[in-house]
Amino acid sequence: MSTGPRFLTINDVGDTLNVSPRQVRALLAAGDLRGIQVGGRGEWRIEDVELESYIARQYEQTDARQRGIDHSAGSHDSDGAEEQDSQPPRTAIADGNPNEV
């Protein structure tokens, strides 16, 4: 059981995810994050379990993307940058034709 409030405001969710309230509204509008509108002004409230569910889905999607990365196209160093080929490009001139390699 959570120790905080059951329902969170857009600002609470933004603080938790370290994003702007506008980004939280976009997640709600897209259906990525579930929430309810309450009161006459339709203020959004996001249940704490819905936020946790959203976070878990984001981790699952990230894990799936990382597993799907094809490293066979080139080697990458630890920060993900593609390493430069250790051999210089082939520029040999055969039979005096500079276009032929």
Side-chain angles (χ1 to χ4, degrees):
M1 191 77 169
S2 149
T3 59
R6 178 177 175 185
F7 287 95
L8 306 167
T9 65
I10 284 178
N11 288 336
D12 294 335
V13 172
D15 289 345
T16 299
L17 296 176
N18 199 24
V19 299
S20 71
R22 179 177 280 183
Q23 289 171 306
V24 175
R25 284 187 190 90
L27 291 172
L28 289 162
D32 294 332
L33 177 62
R34 290 182 61 201
I36 59 172
Q37 288 185 287
V38 297
R41 297 186 333 171
E43 295 288 327
W44 282 100
R45 295 296 179 263
I46 299 91
E47 196 169 6
D48 59 349
V49 296
E50 292 296 335
L51 177 57
E52 293 303 320
S53 177
Y54 169 77
I55 293 169
R57 285 192 310 275
Q58 293 305 109
Y59 276 115
E60 289 169 6
Q61 289 175 9
T62 300
D63 291 345
R65 280 193 303 270
Q66 289 175 341
R67 284 192 303 273
I69 293 174
D70 181 11
H71 292 288
S72 63
S75 60
H76 294 77
D77 61 15
S78 62
D79 68 357
E82 190 166 328
E83 293 177 1
Q84 296 296 321
D85 196 356
S86 61
Q87 297 180 346
R90 294 179 56 198
T91 57
I93 299 175
D95 298 326
N97 182 349
N99 296 321
E100 187 176 324
V101 178

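For clarity, every value in this text was computed on a predicted model and none was experimentally measured.
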| message | As an exercise, state the distance from CG of D12 to CG of L51, rounded to the nearest 0.5 Å. | response |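 It comes to 9.5 Å.
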
| request: Could you tell me whether D63 atom CG has more than 12 heavy atoms of other residues or ligands within 6.0 Å of it? | output: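 Yes.
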
| message | Surrounding CZ of R34 (heavy atoms of other residues, nucleotides or ligands, distance under 6.0 Å), is the total greater than 12? | response |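 No, not enclosed.
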
| Hey, is the main chain of E47 close enough, under 3.5 Å, to the side chain of E50 for a donor-acceptor pair? |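 No: the side chain of E50 does not pair with the backbone of E47.
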
| query | Checking T62 side chain against Q58 main chain: does a donor-acceptor pair fall under 3.5 Å? | reply |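 Such a contact is found between T62 side chain and Q58 backbone.
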
Considering all heavy atoms, the nearest [X]-[Y] contact:
X   : Y   : result
R25 : I10 : CG-CD1, 3.6 Å
P21 : N11 : CG-OD1, 3.2 Å
Y54 : L27 : OH-CD2, 3.5 Å
D48 : L8  : CA-CD1, 4.2 Å

| query | Taking a hydrophobic cluster as the set of Ile, Leu, Val, Met, Phe, Trp and Tyr residues connected by side-chain heavy atoms closer than 4.5 Å, whether directly or through intermediates, do L33 and V19 fall within one such cluster? | reply |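 Linked within one cluster.
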
| field | Min side-chain heavy-atom separation L28-I46 under 4.5 Å | value |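 Yes, their side chains come closer than 4.5 Å.
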
| Taking the side chain as C-beta and beyond, is there a heavy-atom pair between W44 and V13 under 4.5 Å? |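 No, their side chains stay 4.5 Å or more apart.
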
| said: Could you work out, with side chain to side chain contact (heavy atoms under 4.5 Å, CB included) as the rule, every residue matching I36, not counting sequence neighbours? | reply: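 By the side chain to side chain contact (heavy atoms under 4.5 Å, CB included) rule, I36 matches F7, V38, R45.
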
